**Student:** 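To start, I am sharing the structure in question, which I have written as structure tokens.
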Amino acid sequence: MCGIVGYLGSNGAYEILIQGLKRLEYRGYDSAGVALVNADGCLNVHKSQGKVSNLEQTAAAGDTTGHTGIAHTRWATHGEPNDINAHPHVSQSGDIALVHNGTIENYAVLKKLLSDHGFTFKSETDTEVLVQLIEYIKLTSNCTLAEAVREALLQVEGAYAIAVVERNDPDTLVVARKSSPLVIGVGDGETFIASDATPIIGYTDKVIYLENDEMAIIKRGEPLSIVSVNSNQPSKIDVQKLRLSLAQLEKGGYDTFMLKEIFEQPNTLRDCLRGRITSDNRRVVLSGVELNKEKFLEAERITLVACGTSWHAALIGKRLIQDFCQIPVEVEYASEFRYGNPVLGPKDIVISISQSGETADTLAAIEIAKEKGAFVYGVCNVVGASIPRATDSGTYIHVGPEIGVASTKAFTGQVTVLTLFALAVGQLRGTVSPEQIEEIATALKAIPATIEETLKVDAEVQKLSRIFTYAHNFLYLGRGYNYPTALEGALKLKEISYIHAEGYPAAEMKHGPIALIDHEMPSVIIAPSDSLYDKIISNVQQVKSRGGAVVAIVSKGNTAMNDIADFCIEIPEVPECLTPLVASIPLQLLAYYIAVNKGKDVDQPRNLAKSVTVE
Ligand code: F6R
């Protein structure tokens, strides 16, 4: 979380930084700030609590000149969201400014050390400690800014992506990263830096992904220099071509990114499936599996690690892999796995699932799995992010940039890739019949069109949402493949409408949660015509007989449910393992419209950030 941007070139830095912050606002919007160094040797800092638009108002009254600058949008970790805790933080003399994404774990020790040397602190942040430490080193060692930054980073424990500028030197920008991401955009006589590539698009398509423990010294008129923070040895500079377009970052006529992303799912899944099923629908081709056949043939266990929505996709992945590959599967929250002393060996495969590819807990889980000798496979969206670079192999979901904070198209992309994965490994191990592959692959290829059809429930769901806008609690129930769908539906509602919602395996309800049911507690029950349909009918009846309202998600043509449930939403019939892909669509829409009815900011819900790069 937190987004950082930097610029050094011949254009006005302020506009570029503000536009960059707007693209990164999904990473946090508790406060925003900018520091500009101009040719007169001034370092002007503007900051403001809240969104970038607040910062623009604050900065409008001040000096925004300069061709060099850094900027930040914050998701608060240390210290409440206010103007003082907003970045950039400035050293005691006012000479050095720094922006930071990450956490400095030993900041208390460093703060004590600096206080003993007469430094005083204005904010409650860990970041201010780092900028003061850089100043202390610079003053006591009489070295350059870059040398002081490197020396300071050697003393820091934790995660960081930082950008640093200095008054009197508009020609230097120093950046570094460890665990938090940082991308450098190489323009013609200008350099951009950012937490991801989105602020850079439109200026250049040449990017460098800074590696862990590397720092870059950007000097006007000189070639870029990248060195290892630990050894100070130069690193190889690998310039890559960026494959993102500006159109992918815009709302395309929709009111919000979330709605655009919900409606874009037929197309994103087309991209996700492209080239991965043969034209006769008899084979699934995933290069990550083909290139590592031995690993998948020898595998004795698969562990899926992820967080949030990606963890829900992992639960569906478990069912798919067990059904088609007959390999035992475990699913772990990455945050629990990393501290759970997992027992792993060379016959283990760990699959990490992440939209952003930057989630700190998932990255840490990967490192542990690798240390223990497991083969690590990544399912990721953002090309070139830290997770796909850390894994042994993997598959991109290719659904394009997801900007709405609540994940929608990434979830369906992850489930699609996990289906392909299970079929590919199953066909390799001979645990899935050719008929089964053909049946599922045919339906999967048609999934974009099936979702197009499903999206026609939009108006009906919008109408339904008005009935439930002011409910205080919701229960989401599902079984088998759709228990994770229920969890995901509940998470969507919680995140954007702030209504308490719980997802439960429908049959578990009678072991406790049923006590909550009354006429004020609606239940959304996912009940497609699958192998568990008859069982779930009795769960619906249990809710109804206790006065609870039921919204049932049913397969098209199921009229029987109309007599039991209060409201039915029909979805197209698909093979059982694909039902989460279609059933999740009305759940996304229901959460969306309830939040909109309540006047909530669906793209940037309170307290959340899209990319969770801290523990
Ligand atoms: C929910 C949501 C989060 C993320 C979670 C993991 O809508 O977006 O729960 O799924 O923070 O993020 P990634 O997938 O980027 O690792």
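For clarity, every value in this text was computed on a predicted model and none was experimentally measured.
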**Student:** Using every non-hydrogen atom in the two residues, find where Pro580 and Cys577 come nearest and quote the distance to one decimal.
**Tutor:**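 For Pro580 and Cys577, the tightest heavy-atom pair comes out as CD-O, 3.6 Å.
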**Student:** So, for Gln414 and Ala313, which heavy atoms are closest and what is the spacing to 0.1 Å?
**Tutor:**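 That would be OE1-CB, 3.5 Å.
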**Student:** If you compare all heavy atoms of Gly404 against all heavy atoms of Asp603, which two are closest, and at what distance to 0.1 Å?
**Tutor:**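 Answer, listing the atom of Gly404 first, then Asp603: CA-OD1, 3.8 Å.
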**Student:** Please list, one pair per line, the donor and acceptor atoms closer than 3.5 Å that link side chains of residues 512-519 to other protein atoms, with sequence neighbours excluded.
**Tutor:**
{"from": "Asp518", "atom 1": "OD1", "to": "Glu520", "atom 2": "N", "distance (Å)": "2.8"}
{"from": "Asp518", "atom 1": "OD1", "to": "Met521", "atom 2": "N", "distance (Å)": "3.3"}

**Student:** Output side-chain donor-acceptor pairs under 3.5 Å for residues 557-564, partner residues at least two apart or in another chain, one line each.
**Tutor:**
{"from": "Asn558", "atom 1": "OD1", "to": "Tyr533", "atom 2": "OH", "distance (Å)": "3.4"}
{"from": "Asn558", "atom 1": "OD1", "to": "Ala560", "atom 2": "N", "distance (Å)": "3.1"}
{"from": "Asn558", "atom 1": "OD1", "to": "Met561", "atom 2": "N", "distance (Å)": "3.2"}
{"from": "Asn558", "atom 1": "ND2", "to": "Tyr533", "atom 2": "OH", "distance (Å)": "2.9"}

**Student:** Considering the options Asp348, Val350, Ile349, which one meets the side chain to side chain contact (heavy atoms under 4.5 Å, CB included) requirement together with Arg301?
**Tutor:**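 The option that passes is Asp348.
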**Student:** What closest approach, in Å, do Met509 and Val543 show between heavy atoms, and which atom pair accounts for it?
**Tutor:**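 Closest approach of Met509 to Val543, heavy atoms only: SD-CG2, 3.6 Å.
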**Student:** Any luck finding a side-chain donor-acceptor pair between Thr359 and Asp361 under 3.5 Å?
**Tutor:**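 No, Asp361 and Thr359 have no side-chain donor paired with an acceptor closer than 3.5 Å.
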**Student:** Can you give each donor-acceptor pair under 3.5 Å made by side-chain atoms of residues 314-332, sequence neighbours left out, with the distance rounded to 0.1 Å?
**Tutor:**
{"from": "Lys318", "atom 1": "NZ", "to": "Val329", "atom 2": "O", "distance (Å)": "3.3"}
{"from": "Asp323", "atom 1": "OD2", "to": "Tyr481", "atom 2": "OH", "distance (Å)": "2.8"}

**Student:** Applying the side chain to side chain contact (heavy atoms under 4.5 Å, CB included) criterion to Tyr504, which one of Leu477, Asn539, Leu487 satisfies it?
**Tutor:**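 So, applying the side chain to side chain contact (heavy atoms under 4.5 Å, CB included) to Tyr504 and each of Leu477, Asn539, Leu487, only Leu477 qualifies.
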**Student:** Restricting to side chain to side chain contact (heavy atoms under 4.5 Å, CB included), what partner residues turn up for Ala365, sequence neighbours left out?
**Tutor:**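 For Ala365 the side chain to side chain contact (heavy atoms under 4.5 Å, CB included) partners, ignoring immediate neighbours, are Val305, Ala334, Phe337.
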**Student:** For residues 392-401, tabulate all N or O donor-acceptor pairs below 3.5 Å that involve a side-chain atom, not counting sequence neighbours.
**Tutor:**
{"from": "Asp392", "atom 1": "OD2", "to": "Val376", "atom 2": "N", "distance (Å)": "2.7"}
{"from": "Ser393", "atom 1": "OG", "to": "Asn292", "atom 2": "ND2", "distance (Å)": "3.2"}
{"from": "Thr395", "atom 1": "OG1", "to": "Tyr377", "atom 2": "OH", "distance (Å)": "2.6"}
{"from": "Tyr396", "atom 1": "OH", "to": "Gly384", "atom 2": "N", "distance (Å)": "3.0"}

**Student:** Looking at residues at least two apart in the chain, or sitting in another chain, which of them share a salt bridge (charged side-chain N to carboxylate O under 4.0 Å, His left out) with Glu402?
**Tutor:**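 Applying salt bridge (charged side-chain N to carboxylate O under 4.0 Å, His left out) to Glu402 gives Lys610.
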**Student:** Could you tell me whether the side chains of Gln265 and Thr408 share a donor-acceptor contact shorter than 3.5 Å?
**Tutor:**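 No.
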